[in-house]
Every structure is written in C-alpha cells, then in structure tokens.
Amino acid sequence: MLLVLLGAPGAGKGTQADILTDRKGLAHVSSGDLLRLHRQQKTELGQLAQSYMDRGDLVPDDLVIRMVLDKLSEETDGPGVVLDGFPRTAPQAEALDEALGGNEIDKVLHVKVPEDELVRRLSNRYICRGCSRPYTAESMGRPCEFCGGELYQREDDMPEAVRNRLQVYSAQTYPLIDYYKGKGKLVEVNGLQDVDAVTGDVLQALKD
Ligand code: AMP
C-alpha cells in the first residue's frame with residue numbers, strides 16, 4: 001500500500017503518519033525528517049539543504065526526488081509506506097508516478113486546516129530532537145515522553161519562516177490537490193478535529 005499525506009505545514013501529517021505506522025505497520029517516509037537527518041549527519045545533501053530549510057523554502061527538486069526515491073526502493077518488505085511531505089511540487093509528483101511504473105498510489109489524503117490555525121500551531125510547536133514528535137510550549141524544559149530526547153523550536157517554525165512556508169505551500173504544493181483529484185485519488189480529511197477524530201476519518205478513507 002502506498003499512501004500520500006498532503007497538507008500544509010502544521011496540518012498534522014506527521015502525527016497521522018506515526019499513528020498509521022503503529023496501527024497498520026506502514027513505514028513512515030518523511031522527506032523533512034530525512035533532510036533533518038542528513039543535516040545532523042552533516043552529509044553533502046544536508047549542507048546543501050540547510051539554508052533552504054531554515055528560510056522555509058523548498059530544497060531543489062532533483063535532490064529531494066533522489067533522496068525519497070532511494071528510500072522508497074529500500075521499503076519493499078513491509079505492508080506499505082505512508083509518504084509525508086513528498087511530493088510537494090509538480091515535478092516531484094511526476095517523478096514519483098514515473099518511478100512507480102505500473103504500481104499506483106492507493107490514496108492521497110489531503111489534511112485540510114485553515115491558515116490562521118496553521119500559524120497558531122506552528123508558532124507553538126516544539127519538536128523532539130530524537131524522534132521528531134511534536135509538543136507545545138508548555139512541555140519545554142521536559143524531555144520527550146517517548147524517547148527522552150531534548151525538545152527545541154525548529155528554525156523554520158519561527159514567524160518569518162512560517163509565513164514563507166505557507167506561501168510556498170499555496171504556490172507550489174496546493175496545485176497537487178487538483179493533480180490527484182484528476183487521477184481520482186484524492187480524499188479530503190478535516191484536520192481541525194482532534195487527533196483521534198482525524199485518525200478515524202483517515203482509517204475510514206482507507207476502507208472506502
Ligand atoms: P517538513 O518537516 O515536511 O515541514 O519539511 C521541512 C523542510 O524540509 C521544508 O520546509 C523544506 O525546506 C524541506 N522539504 C521537506 N520536504 C520537501 C520536499 N518534498 N521538497 C522540497 N523541500 C522539502
């Protein structure tokens with residue numbers, strides 16, 4: 001099974017992907033997490049990606065496409081994959097279709113959240129350095145309850161970068177909604193609900 005989670009930064013894609021990993025055994029492939037790992041390990045890709053990410057711009061397509069397709073080619077054993085944060089541009093969506101050949105994406109879930117709520121969530125978001133789970137400001141100073149990692153605010157969750165990321169999303173990623181609608185793959189999910197209700201809708205969409 002191949003699922004794609006589409007939605008603006010802060011829509012809750014990562015949270016839902018983690019839940020799908022727990023409940024369905026799907027491998028969670030997050031382009032943002034892969035890029036952050038490259039940065040931590042100071043690889044050439046990590047160093048190239050750094051300034052784009054800190055500004056909230058997209059990392060160039062050729063770099064991200066190669067990274068994600070390589071990762072996908074390693075994930076052939078389990079029941080499937082949930083892709084989080086990829087594709088984010090038309091060339092990425094086309095490269096993914098091409099790489100899949102006859103194997104199709106099963107569903108593209110668009111997690112929809114209004115912009116003022118996204119700004120509120122992102123500016124109050126703190127992330128675990130170890131496992132990338134999200135927390136709010138109230139948890140700062142405490143370790144991650146899952147892995148004991150340190151919580152921090154991502155450079156790209158600062159106000160200026162947040163505004164830029166939302167603009168980049170509208171200009172470059174939002175058009176993919178029509179792309180997947182045209183292919184009959186798109187399912188809309190209301191991301192304003194609490195986490196369990198969003199998960200309920202996601203699981204229902206997988207049955208339909
Ligand atoms: P995320 O954790 O998904 O919000 O991604 C964090 C940052 O990584 C983004 O703001 C981009 O700079 C970069 N990034 C993640 N996924 C992609 C992608 N598919 N294409 C280009 N840049 C990406």
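Counting starts at 1 for both ligands and their atoms, in listed order. In this text, all values refer to a predicted model and were calculated from it rather than measured experimentally. These numbers come from the heavy atoms of this one structure, side chains and all, not from hydrogens, waters or symmetry mates. We number each residue from 1, following the sequence as shown.
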Note: [X]-[Y] ion pair, threshold 4.0 Å (strictly below):
X	Y	result
Asp106	Lys185	no
Asp156	Arg55	no
Asp157	Arg121	no

hydrophobic_cluster_shared for Met67 and Tyr52, side chain cutoff 4.5 Å: yes

Heavy-atom nearest option to atom 1 (P) of ligand 1, drawn from Arg39, Met53, Arg88: Arg88

Nearest-neighbour protein heavy atom for atom 22 (N) of ligand 1, which is reported as residue plus atom name and distance: Val59 N, 3.0 Å

Nearest-neighbour protein heavy atom for atom 12 (O) of ligand 1, which is reported as residue plus atom name and distance: Asp57 O, 2.6 Å

Heteroatom distance test (Arg36, ligand 1): nitrogen or oxygen, under 3.5 angstrom: yes

Check: Gly85 N/O within less than 3.5 Å of ligand 1 N/O: yes

For [X], atoms of ligand 1 separated by under 4.0 Å from a heavy atom:
X	value
Val64	18 (C), 19 (N), 20 (N), 21 (C)
Ser31	15 (C), 16 (N), 17 (C), 19 (N)
Arg154	1 (P), 2 (O), 4 (O), 6 (C)
Leu35	8 (O), 13 (C), 14 (N), 15 (C), 23 (C)
Arg165	4 (O), 10 (O)
Gln92	18 (C), 19 (N), 20 (N), 21 (C)

His28/Thr21 under side-chain hydrogen bond (donor to acceptor under 3.5 Å, both in side chains): CA gap, chis, key distance, verdict: CA-CA 6 Å; His28 177 184; Thr21 299; 4.7 Å; no

Arg23 atom CZ, neighbour heavy-atom count above 12 within 6.0 Å: no

Lys107, NZ atom: more than 12 neighbouring heavy atoms under 6.0 Å: yes

Closest non-hydrogen atom pair, Cys128 against Cys147: SG-SG, 3.4 Å

